[in-house]
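These notes concern the structure reproduced below.
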Amino acid sequence: MHHLGLTRSSLKHDHLLQTPDTFIRTPLPGAEGVEFVVHAGPQLGARFTQMTAEFAAGGSLGPAPAQRFLYVIEGKLELKAGSKTHVLSSGGFAFLPQGTPHTVSALTASRAAVIEKAYETQPGAAAPEMVVGNEGNIAPVTLMGDEALRVRSLMPDGPPYDFAVNTMTYDPGAALSMVEIHVMEHGLLMLEGGGIYRLGDAWYPVEAGDFIWMGPYCPQWFGALGKRPAKYLIYKDWRRHPLGA
């Protein structure tokens, strides 16, 4: 319950921290039995859309207007694409290239992160391919040699793909080795644990369930606090020239 309008949520020109106490659910066209928390979209200044989809058992997603990436936070989803059916449980994910006919339905009450982005073609590059997997089957890679900070890449890397999605896990006390400033923007969903995030010139306590949007060139840094690892799902645009050429 709110007390005198207090919240950790904060909106600045180059970043958003959105905490669960400020989430508003909304229906979207073509989906049945699903409520959406729209975290980031063009209205914010983002060049992608990120949402949390909350499925009732039997709920289904409508068609995607762009590329679609799904990551199951909890529950179980059934993905049908082409002649194949995939069951995605917690940690399961799927990338569906723009224009891929598919259906997504919930076998149980479920929550999933949904990222959608209009595809930027790359002259001479092959077309992107559908990807289905589970985060638990991907070997972690240390970041800059720090074994306390591990990255799992959920998307293929190469000219056909214009965005990346990773999970990053920090042991208690681990932190990024530098403040990052770059042209890419981020959408970040805290999955486990918590810590301190620097965004612009502000420092925020963050915890599981929080969402962060970082605009291009937003100074950013994270350090994990507490007795358990911190983990987040993070999106960034990737492998395309800033001029769109």
Side-chain angles (χ1 to χ4, degrees), residues 28-41 47-120 125-141 151-169 186-189 191-192 211 231-239:
L28 291 178
E32 298 290 339
V34 186
E35 290 190 319
F36 298 86
V37 180
V38 181
H39 301 295
R47 293 174 294 173
F48 68 103
T49 296
Q50 183 160 344
M51 303 171 281
T52 296
E54 300 177 340
F55 294 79
S60 62
L61 285 183
Q67 302 173 97
R68 172 177 279 169
F69 181 91
L70 300 167
Y71 176 92
V72 180
I73 302 168
E74 60 181 4
K76 190 173 292 186
L77 300 180
E78 181 180 79
L79 167 66
K80 293 183 178 180
S83 59
K84 295 185 177 181
T85 298
H86 307 271
V87 175
L88 306 177
S89 55
S90 180
F93 63 88
F95 165 69
L96 299 145
Q98 191 162 312
T100 302
H102 67 278
T103 60
V104 179
S105 56
L107 301 177
T108 65
S110 304
R111 289 192 303 129
V114 181
I115 298 168
E116 296 176 346
K117 177 184 182 295
Y119 184 60
E120 299 176 55
E129 298 181 357
M130 189 175 81
V131 177
V132 178
N134 190 285
E135 179 197 357
N137 297 328
I138 296 175
V141 176
V151 181
R152 287 180 168 90
S153 299
L154 308 187
M155 285 280 293
D157 184 21
Y161 303 93
D162 65 356
F163 70 88
V165 182
N166 304 323
T167 60
M168 297 184 67
T169 303
H186 284 310
L188 183 155
L189 183 65
L191 299 173
E192 300 174 11
F211 174 82
K231 175 181 168 183
Y232 54 68
L233 179 79
I234 186 166
Y235 157 96
K236 67 177 176 182
D237 49 316
W238 193 235
R239 283 191 172 270

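Residue numbers start at 1 and run along the sequence shown.
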Side-chain contact, heavy-atom cut-off 4.5 Å: [X] with [Y]?
X	Y	value
Thr103	Glu78	no
Leu77	Phe55	yes
Phe69	Leu154	yes
Leu233	Glu135	no
Val131	Pro156	yes
Asp157	Trp238	yes
Met130	His102	no
Gln67	Phe163	yes

With Phe48 via ring pair (Phe, Tyr, Trp, His ring centres under 6.0 Å) - residues at least two apart: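 Partners of Phe48 by the ring pair (Phe, Tyr, Trp, His ring centres under 6.0 Å) criterion, ordered by chain and then number, come out as Tyr235.
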
Partner residues of His186 under the ring pair (Phe, Tyr, Trp, His ring centres under 6.0 Å) criterion, sequence neighbours left out: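 Applying ring pair (Phe, Tyr, Trp, His ring centres under 6.0 Å) to His186 gives His182.
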
Shortest non-hydrogen contact from Tyr119 toward Ala126: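 Closest heavy-atom pair between Tyr119 and Ala126: OH-O, 4.4 Å.
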
Closest approach of Gly133 to Leu88 (non-hydrogen atoms, all atoms of both residues):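 Heavy atoms of Gly133 and Leu88 come nearest at O-CD2, 4.5 Å.
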
Roughly how far, to the nearest 0.5 Å, is [atom2] of [Y] from [atom1] of [X]?
X	Y	atom1	atom2	result
Tyr232	Asn166	OH	CG	9.5 Å
Met51	Leu28	CE	CG	6.0 Å
Leu188	Met168	CG	CE	9.0 Å

Residue pairs, two or more places apart or on separate chains, that pass side-chain hydrogen bond (donor to acceptor under 3.5 Å, both in side chains) and touch residues 79-88: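 Of all non-adjacent pairs touching residues 79-88, none passes side-chain hydrogen bond (donor to acceptor under 3.5 Å, both in side chains).
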
Any pair with a residue in [range] that passes salt bridge (Lys or Arg N to Asp or Glu O under 4.0 Å), sequence neighbours left out, goes on the list, sorted by first then second residue, please.
range	result
residues 48-67	Arg25-Glu54
residues 87-101	none
residues 89-102	none

Only counting residues at least two apart or in another chain, list the ones meeting side chain to side chain contact (heavy atoms under 4.5 Å, CB included) with [X].
X	answer
Glu192	Arg228, Lys231
Ala125	Gln122, Pro159
Asn137	Asn134
Pro65	Glu116

Flag if over 12 foreign heavy atoms under 6.0 Å of CD, Glu32: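 No, not enclosed.
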
Kindly list each side-chain donor-acceptor pair under 3.5 angstrom involving residues 104-113, sequence neighbours excluded, with atom names and distances?
from, atom 1, to, atom 2, distance (Å)
Thr108, OG1, Lys76, N, 3.3
Ser110, OG, Lys76, N, 2.9
Ser110, OG, Lys76, O, 3.3
Ser110, OG, Thr108, O, 2.7
Arg111, NE, Glu74, OE2, 3.0

From CA spacing to verdict: side-chain contact (heavy atoms from CB on, under 4.5 Å), Thr49, Phe36: CA-CA 12 Å; Thr49 296; Phe36 298 86; over 6 Å; no

Could you go through residues 90-97 and list every donor-acceptor pair under 3.5 Å that involves a side-chain atom there, pairing it with any protein atom two or more places apart or in another chain?
from, atom 1, to, atom 2, distance (Å)
Ser90, OG, Ile73, O, 3.3

Sidechain-backbone polar pair: Tyr161 side chain, Glu129 backbone, donor-acceptor under 3.5 Å: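 Side chain of Tyr161 to backbone of Glu129, a donor-acceptor pair under 3.5 Å: yes, one is there.
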
Asp162/Lys117 salt bridge by N-O under 4.0 Å criterion: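 Asp162 and Lys117: salt-bridged.
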
